[in-house]
> 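There's a structure below that I have some questions on.
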Amino acid sequence: MFLINCPYCGERDQSEFSAGGEAHIVRPKQPTELSDDQWAEYLFMRKNIKGVQFERWNHAHGCRKWFNMVRDTSNDKIHAVYKIGEKPPIN
Amino acid sequence: MSKDLRIINNRFIDQTTRISFKFDGKTLYGFKGDTLASALLANNIHLVGRSFKYHRPRGIMACGSEEPNAIVQVGNDASMTEPNTRATEIELYEGLEASSQNCWPSVNFDIGAINNFFSPLIPAAFYYKTFMWPSNFWKLYEYFIRKSAGLGKSPTEPDKDIYDHRYLHCDVLVVGGGISGIIAAKIAAKNNLNTLLIDDKNILGGTTLFQENECFKINNSYSNEWLKKEIETLKSLENLTIKTRTSLAAYHSYNYLLARENITDHLDINEKKDKIRQRLWKIRAKKVIIATGSMERPLIFNNNDRPGIMLSSSIKKYIDYYGVKCGQKISLFTNNDSAYETAISLDNSGVNVNSVVDIRDKTNSSIVKQAEKLGIKIHWKSTIVNTNGYKKINSIEIMKLSDDGAAVVGKKIKEQCDCLGISGGWTPRVHLFTQSGGKLNFRDEDNVFLPGKSELDQISIGSCNGDFELDEIIKNSVNSTNKFLKVNNNDYENLEIISSKEIHKKNIWLLPSDKPLGKTKPFLDFQNDSTANDVKLALREGYKSIEHVKRYTTTGMATDQGKLSNMHALGIIAETAGVKMGQLGTTTFRPPYTPLTFGTIVGRNVGEFFDITRKTPMHEWHIKNKAVFENVGQWKRAWYYPVDNENMHEAVQRESKAARDSAGILDASTLGKIDIQGSDASEFLNRVYTNAWSKLEIGKCRYGLMLNEDGMVYDDGVTTRLSENHYLMTTTTGGAANVLSKLEDYLQTEWPELDVYLTSVTDHYGTVSVCGPNSKKILSKVIPDLDLSDKEFPHMSFKNALIDNIKCRVMRISFTGEHSYEINIQSSYAKSVWEKCYEAGKEFNITPYGTETMHLLRAEKGFIIVGQDTDGTMTPVDLQMDWIISKKKYDFVGKRSLYRSDTIREDRKQLVGLLTDDPKEVLEEGAQIVTEKNKQPIEMLGHVTSSYFSPNLNKSIALAIVKNGKKMKGKKLFVPMENKTINVTITDTVFLDKENKRLNA
Amino acid sequence: MKNKYSIFSLIKNAFSYHENWQRAWKDPEPKKEYDAIIIGGGGHGLATAFYLAKKHKMTNIAVVEKGWIGGGNTGRNTTIIRSNYLWDASAGLYDHALKIWENLSQELNYNVMFSQRGVMNLAHNLQDVRDLKRRTHANRLNGIDAVWLNTEEVKKFCPIINTSPDIRYPVLGGTLQRRAGTARHDAVAWGYARGADAMGVDIIQNCEVKGIKRNGNVVEGIETTKGFIKTKKIGVVAAGHSSVIACMVDLKLPLESKPLQALVSEPVKPIIDTVVMSNAVHAYVSQSDKGELVIGAGTDAYVSYTQRGSHDVVEGTLKAILELYPIFSRMKMLRQWGGIVDICPDASPIISKTHIKGLYFNCGWGTGGFKATPGSGDLFAHTIANDEPHKLNADFNINRFVSGDLVDEHGAAAVAH
Amino acid sequence: MLNFNTPIIDSKEYSEIKFSKVEPIFKINLRGKNRDFITKIGKELSIITPVDPNTSSSNEKLNLLWLSPDEWFLYSNDKVDIKDANTLEDNLFNEISKVKLGSVTNVSDHWIMINLKGTKIFELLSAGCPFNFNNFKNSKGAVTQTLLNHIDVIIHNKNIYDLNLFVRRSFSSHLWSWMNDSVRFI
């Protein structure tokens, strides 16, 4: 069980959180302008990185805030968490 | 018990309290403090089980969790019996009943032993090479294989015991209460760190506790006496919690650890009742100190598995701790110094030690000198080439080793004995360290894997970190702990430590015999019966990687998880393959460290607490009125209300009729309700629903459909505009939580610019839904001062009202097609309002109806239920609900997906109505629909999603999704059942009151 | 040709103390060039190679494996085999596999212990009943054996299930496929490896792929830890690591690799002789021939390549096991482990060409890949050999995620094993 | 007159632990982002709006709990007359929601409040709650939202060994019986 540092509430047990997948996939502002391929890219295609990945988490059973996490998927080490809209502290 | 095997030794067991127990039906006696194993040995019982494959006689070999052989069935009560329990870990208690496993009719005479005779035919993995003919016979072969496999027996009745969980957060967790763990815990606690020390034994101290030997002294007293004082001071420290009988089961990432505390297993049978049997501690530690010690290795030689062959250190513990002699004429076999400690202990206790067989050329460490002084005979540079005795060892055959150790030379000496202690050196218990993801390093001089790099805040100290000598153990434990905790404890400075030093080391993984290897049985994994030959066979056949060898030979996969066998297996693999063990690496140790009872892992999440039960404010009323309940998610919803002996069908027919003919009342409290406020509320709704909301007047309600971004229907419900910037959204019962978090997600991450706030009010309101032609009359009685005229209060609108000056919201909306009202009031008053409506409705025969009737009524009107009539592959267009997709809106969630090449296809599966040719015939929900009779396989056009007998139309009706159904109205199709085919016709989805007259009736 | 395995060969070898068994497969160094290379030495990859050689006579091919063959999900799954899937496409795919399973031991001359002890899926709420009945009917019409059992029949078929109406989510019935069952996972990998090796296929272990060389839009070979290997056709069967390989050619797949955990109990005498699955309460259990209860747990929601999952998942699974089998409370967990499962949004696999010439992907099997091993290998071999999908895997192309023509098995098999 | 029903109808006393059902008090959920909102509720309620995570502020009548950067939870100490409750709710609504400063939502019956007293209450919580109470238990006024026996709860550390626990009404009877079952093993 991870120990996740919610950027708002502090360190909490993983069971209070829910994972939201890859981060920084912005919903297209003008979907109708997109080709089927471009739309599929947004809907389904994922980097699914082995290594340092940027992802979304939600403190579902706490403050209910979504935030971003930098985590190494090859060893589950969490490098950083940051609020939605903030720049990633690492890149 | 046979007296001559007990010596007076009251230090750790209470030889004044006799305890009676049963083994294989025979009543025996032991003392308080004994384990089952020590008590059996005291009764001169070594043979306790049969091996897995060859059913060879096997005896007690060790004294702890590494025991491979002495695994027994405890208890014979169908609900309380426990299979595969280690006799070495069972503390003896009054009333204990245990029996040997995997043997029939008895451990002394076991039919299965015939396998041993056939053993040449059944080498490792033989089963992959045979049982293939005739091809359909595997089922039969398997039946017999399954019968002969397996060890103990599963209980056949539910467990009566209770298990529990506890979360615990500490600064420092110390695992292992041996000398290093005690030192570490003391240092941590004395520095005001909130510390937890756990040990799986019933008392602290580890092996030093009974180490009373001239060669191991601290400040001039025996190491055990020094340690006892340490333990005393430990008990007085306040930041320290000590838990004995608590074993670390799993070490997960982020220093999350699971420990099992045994609370009642050692208690007398009649003291166990109504107590927690085992508690699982879920520990979150800032820092972890592993001090789990090490295990003695066996030696691998021909017939090294006979009862009476034991680990040398275990023989020492049985005599020094339990006061039990494992034999009268004991021989020892070793490649290192520790066997001499055993020899000395035995000698001190007056047990005759035949000799020590030592594979080393000669050594003169102080401990060996002491043994020689005592006149103990030593066979240097020798090995045991064979052992004799079927159910108990009776002699060993000794030969000299060649200089390279690869062969034996000279003549064979036979030596009588009734017990053989073997010592192949020591293996650090690095299991927890590797579980936590740490990497191991290999130390060549004594062939051990040691903790290396770790991502976590942890260290290993003591012999689990490769320190095997008293002075090193203390010195390094202190230094590492100080460094690790960044403290400077000086309690242990200038201790005067005497410790015998091992000078010569020699290791031979597979000891030679005078017979060719093929003719010998040098066992590696005693429980799974895999020998060195099996490992070599695997390598010969190309199963090279450790994991392949392990899986092919099953070495290390028994209930001891290879604690004793892994190192030798690796050694022999490395030797045979000619690689260094360091490069070979090791197999991964997986949790749990020792097998963990399911009940302990589950704790009290059983029965009533298996899952949460959610109840509506009217729940008690439903119970009083005999409602049958349906599980909807975690909710209990009234399903139907049988009167007298009605079955479900009868009840539902009655309820449905009453609702249309006069009045019905439904508990709709479970629907999700979300309070939406903010200046952008309307814009928000425009984005999350498919239809337009900006123009919805204040006080009006509107049905909305919500899609996933993939364009598929996700949820639906009625949303009401309470004021300019204030809406109340309702969702499906099952969807409530997901919809709210999905909406929050969009607000927080995609549209932070929107000024909108969401608050769940699902539980705040109870919802009473009154429907039917008389609903208006009933409501006017309940809320007299509310103008219910169609003009003032038309369909799809809402009013604020007061019932006995409790605020409530009344919506005039309908899921049944009837004239109906929903009263939303604070939950605390909902039951009361429900009763009020029920009273007021009595004169109109108001009838409470449940979810089944609700489903039937809405089906008559062709209203969908998301999740029943949709399955995540249906678009609004597929549902023939094109009308609800706003053409004007530029975008909404899921819109783009509706225009993909597949989603715009004309011939997708679409929602239609179905009528059976025989109006009495009710279709089965889930039944498939085809174009032709009696053909198979055949393309399926779709399936029946909802189906009922409508009492109001007096015929069977159904909703279905059918390929290209839109264009097929009037078409005849077939529903093939197992035994018959039903003729159906595709119709419109609305079966009743197409003109919606009843809404205003 | 390899010596045949049989009771006779066992007897014969017994006389020479089993000193003369042949190697099941050699460990060759890679050649400079192959006609095709399979990346990934799991069951699917080895089966692909086997059928390429056997059916399509492509014997100058290699399987390259980063670690040891069968060490990924093949050696980590709960070995459930069934074909009672909802959609026609899935039913076709999985039943094709099941038919091969039925004679696989003979085809490979390696006993994979395919045991048709039946797989039963339980329903615990009304929607479960609708969904499972829908599946049962669909299976029947697809020619796949499936019967609906009411609660009493469920109890009769597997007496140790707690079918009391008073439990939190009572058993309302179930669907049974008798032809379904389990097999010995390691034997599948080893049997295919031995068979492929016998036809000349090179099985190269401890050989990690570092890159894929392309000329424009055409593959030319792979860079590995054992050097460059030339080839015109590359079949990627890397399961959890598919995205890692795809990344080498800047290809994004609709996959997420998540931890899936499983566990076994200590071995006991036979107590359950079938496979019971319950999606609603997340309990999947069977008993191995060795006597261990084999229990499949769920997946975690996050991406991870660590082969470890969270304890809550294991606790949740055993909670469900004890709800349905209260008699197992005193059984002990012997071992728990995790695999990395690559999951598609529609819970169906991808067996497909890509826009890159000569590059093929077989992935997205999620939690249910083992049962498909022989069929997957056969169809993927066909796709590679003909540069054209077989009709049975035509629907499982990558393009479905663009068109929206998904094979959505979520309703039917959210956590199927 | 409508009568009042609550799913938890009794109080339970054990050695060193006491659970009490609580008189109907009123509870309001407040949401808003900007400064004006924060100052406005402070003014309306004559209470300092807690802006630090996991904290609260109280006066003799009211408690205001931080739930998230844009969400607060207000509850009264004692039973409040329904009329006063309505007026207070309406005032807040008009002063905040109407003027687009944020949202004001009555959640009096959404949450059930259970009071826990006694020196063993944290052991009870640790039987089903992953939250680390080591510091929490000594800091008066601390607030946490977490899980207890898999159920969402808000816990307000009113006083030393005196907690107010809030649970959604539909979950409350289940949690209540779990708590009473758990006490047996403390």
> Quick one: are R146(B) and Q287(C) in side-chain contact, heavy atoms under 4.5 Å?
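Side-chain contact under 4.5 Å: yes.
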> Under 4.0 Å between a side-chain nitrogen and a carboxylate oxygen: does that hold for D871(B) and R134(C)?
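So D871(B) pairs with R134(C) through a salt bridge.
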> Check whether any side-chain heavy atom of Q106(C) lies under 4.5 Å from a side-chain heavy atom of W133(B), and answer yes or no.
no
> Please find the pair of heavy atoms, one from F598(B) and one from S265(C), that lie closest to each other, and give the distance.
CZ-CB, 3.8 Å
> For Y325(C), what residues pass the ring pair (Phe, Tyr, Trp, His ring centres under 6.0 Å) criterion, not counting sequence neighbours?
F328(C)
> Between R330(C) and D161(B), does at least one N-O distance fall below 4.0 Å, as a salt bridge requires?
yes
> Does K519(B) make a cation-pi contact with Y17(C) (under 6.0 Å, within 45 degrees of the axis)?
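So K519(B) doesn't make the cation-pi contact.
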> Measuring from F610(B):CZ to E323(C):CD, what's the distance to the nearest 0.5 Å?
4.5 Å
> Do N533(B) and H18(C) have side-chain heavy atoms sitting under 4.5 Å apart?
no
> Which label fits W190(C) and Y552(B): parallel for a plane angle under 30°, tilted from 30 to 60°, or perpendicular past 60°?
perpendicular
> Once you round to the nearest 0.5 Å, how far does CD1 of I601(B) lie from CG of L318(C)?
5.0 Å
> Let me know if Q561(B) has heavy atoms under 4.5 Å from chain C in its side chain, its backbone, both or neither.
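Contact with chain C is through the side chain of Q561(B) alone.
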> Using non-hydrogen atoms and a 4.5 Å limit, figure out which bit of I612(B) sits close to chain C: side chain, backbone, both or neither.
backbone
> Who pairs with R590(B) by side chain to side chain donor-acceptor pair (under 3.5 Å), at least two apart in sequence or on another chain?
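Scan of R590(B) (side chain to side chain donor-acceptor pair (under 3.5 Å), adjacent residues dropped) gives none.
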> Distance alone, cut at 3.5 Å: any donor-acceptor contact between the side chains of R184(C) and Y127(B)?
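No.
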> Is it the backbone or the side chain of I71(B) that comes under 4.5 Å from a heavy atom of chain C, or both, or neither?
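Answer is neither: I71(B) stays 4.5 Å or more from chain C.
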